[in-house]
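Read the structure below first, then the notes.
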Amino acid sequence: MTTISSAIQSTLFDTPNSLPYPVVRKRDGSYTPFSLERISQAIYKAGRAAGIDDFAYAGQVTALVTAKFLGQEETCVTEVQDLIENELMAGQNKAIARAYIEYRHDRDKARERSSKLNREIQGLVEQSNAELLNENANKDARVIPTQRDLLAGIIAKHYAKQYLLPKDVVVAHESGDLHYHDLDYAPFFPMFNCMLVDLEGMLTRGFKMGNAEIEPPKSIATATAVTAQIIAQVASHIYGGTTINRIDEALAPYVTASYEKHLATGKEWGVPDAEAYARKLTEKECYDAFQSLEYEVNTLHTSNGQTPFVTLGFGLGESWESRLIQMSILKNRIRGLGRQNKTPVFPKLVFAIKEGLNRKAGDPNYDIKQIALECASKRMYPDILNYDQTVAVTGSFKYPMGCRSFLGQYCDDNGEVHEGRNNLGVVSLNLPRIALEAKGNEARFFDILDQRLMLARKALDTRIARLQEVRARVAPILYMEGACGVRLKPDDTIAELFKNGRASISLGYIGLHETINALYGDEKHLFDSDTLRDKAIGIIKVLKQAVTQWKEETGYGFSLYSTPSENLCDRFCRLDLKKFGQILGVTDKGYYTNSFHLDVEKKVNPYDKLDFECVYPPIANGGFICYGEYPNMQHNLEALEAIWDYSYDKAPYYGTNTPIDECYECNFTGEFECTSSGFTCPSCGNNDPARVSVTRRVCGYLGNPDSRPFNAGKQEEVKRRIKHL
Amino acid sequence: MNYHRYIDLDVINGPGNRCTLFVSGCEHKCPGCYNASTWPADSGHPFTDAEADRIIDDLQDTRIIRRGLSLSGGDPLFPGNCEEVLKLVRRVKTECPGKDIWLWTGYRLENLSPAQKAVLEYVDVLVDGPFVQAKRDPSLLFRGSSNQRILDLTAEHQLAESA
């Protein structure tokens, strides 16, 4: 049988390759013989694509092209293609020219993609891609397990963009119109973001982990050891934060178990005051147990190549056991890690404050609030969660998942449920870009915003779709052994778990401050103008309306999330700087401001900052945190308590940032100088990461930017932070 | 009297939330002083009734509750300052009940003139003594050098009242 190309060849060129044609250098540098067949075939196929089936025309053009190369010794692929393009454009059939150019363009794109993949892998191998290496302050890209995770991330991201996500979503993500978070994990892997682990359910009912059947623990020491194991497992199966909700209540029964064991021993040996003896031993055991938990978490390396993002929520328990757990957590944190008593950045601690329980002098747990204040002044954590505001803003009381993601209210047949619930992921909008595109035209801004919202919805839908047919066996710890609050069989689908608001799925946003500047100019600061404040709130309300509508349409728990933008603050701004140039108050700083937060350079006191920010959590109630920058408060807990108390009626979730850096060369404690190139002891100039401890709030989490540098935008933002007192 | 700086919400100079006034004028001129620019009595801005009113307003604020007023400088007990400072602390004690007053001076309690002592009647805590470079200790609370003392005067006031 005669193929088309050989037919062309045999009709038009009798002895084609006997003529002195050049050799062709390919893109990879290798050489191939000049081939009339390939040229004619490409032209013929372009014709077919344009609906023109014409051998003869392909032959004519091929002859014209090849004539140009006669006598030449060497050429390259691009030159050949350029000449084909020229001849086609000069010819009578413009449609074929167009088809050829489009085909060539698509091939170029595809080639660029795959070479980009290679470049990224090369950047990892050679440790030269700073963006990749510093993307997540919690990942140490110098170690092998993290490198394996980053490699998997590069490929998962590439594959998702190429084959899984809709083209318009990919284009929007790559250009920076929106950000599809955590592309290195999902949708390639059917993973979700963050969760509240059903610790109580797992411990009381027992579970299987790896090859071991875990029975309910019989002491607090065992209970925290098992908890650490659970955290490690869970954190390897999700990409966001792992929160233990109400850990002081969930683990209280195991303190009782320890006490009873000690009491029995005391009685058995005839100890005079067996109860006091048992209490004393239990206190020691509990303190040690939480010390082990803290060390476990900080020495763990999950399969995601990092210390797990863990948050412990505690503070509401009233029993002796719960109080003991609360004190153990705080006192261990005050003590610090290791020989140098370093400030640990994990687990994140969130301490609940409640009227009548621990808020005021005379309340039964007021003493623990005092320890929490001391702890915050020395270690920055705990952040506080104000009970009444949390209920008012999110519908019920629960701790944040990870650093700031909050679930809404959800009830099953047995009432309100929090444990085992989760967030399916985030897609964030680049609000400043929309404002820049609208060129100060408010109506145009909202038009573009509507389009972007539709795209963001489309992107979020892919997260839901990805989990549709997934079976429980992909993550036994989550779906079969109880972390998600259920015990499914390996082949059961998991999709039901995420419906009817049991899980949340979030629309995020960053740079409200820059958005206002881009829309209305930066002569008047957002903080100083009631009109601008109303405009800003109006924008967030539009986002909220969108997610409310999506929730009604689908039943999924769409929520509005105030994106922390650890990495995004840098990325969006960098892309916009390239696209729009230096715009004062918008792209000129090198970063975009965290969600609704007040511009970090604005000097206001923390009370006014809270007043400014507290209007947003009720609107963006799927995720938020407010914080203030303080001087050293270790000797003025009274003033620290005053702001905590003030926040109680204002904001659900509050953190205080204080300078707690330490130099192990000269023993300086306080605030290190933050420069564009790193952190330096102001007293002796030391900047050796092994001999300093630098702690900064990255987002809702803390980080050690001395050992794992921030990205350039984040570093710039940290540098510009102004103290609010 | 002139003043250099007024901080309407301060958490460094004394306990709790405070209003802090740095006045001009100081004759000690301690080597190593962290506020040398405040030495000349005519430096800074005139302290008028408007400034005093603002301090009273801030101390009376019910939103951001201040524990009291901190007077530093310069030296609030610099002879040229005593009259104006006395007026201010008197107003604070009558118009802002319950607010405490801390005062930093380079003089020592034992050596004060009657005009200076008159001010102290309204002061709760006195931090006294010159700054001595050789006794500098950054770890000290509310003080620069170890010769300086934090003196709680409230007990003395009570004694004076009952006498």
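Basis for what follows: all heavy atoms, side chains included, without hydrogens, waters or symmetry-related copies. Per chain, numbering begins at 1; letters A, B, ... match sequence-line order.
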Residues, nucleotides or ligands: over 12 heavy atoms within 6.0 Å of A/R721 CZ:
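Counting neighbours around CZ of A/R721, more than 12 heavy atoms of other residues, nucleotides or ligands fall under 6.0 Å, so yes.
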
Check side-chain contact (heavy atoms from CB on, under 4.5 Å) between A/D363 and all other residues, then give those that pass, not counting sequence neighbours.
A/R359, A/K360, A/Y366

Quick one: which of A/Y646, A/Y630, A/Y607 has the most heavy-atom pairs under 4.5 Å with chain B, could you say?
A/Y607

Does anything in [range] get under 4.5 Å of chain A by heavy atoms, and if so which residues?
{"range": "residues 75-92 of chain B", "result": "none"}
{"range": "residues 2-19 of chain B", "result": "B/L9, B/V11, B/I12, B/G14, B/P15, B/G16, B/N17"}
{"range": "residues 46-70 of chain B", "result": "B/R63, B/I64, B/R67"}

Chain B contact via A/D611 - which portion, at a heavy-atom distance below 4.5 Å
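The answer is the side chain of A/D611.
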
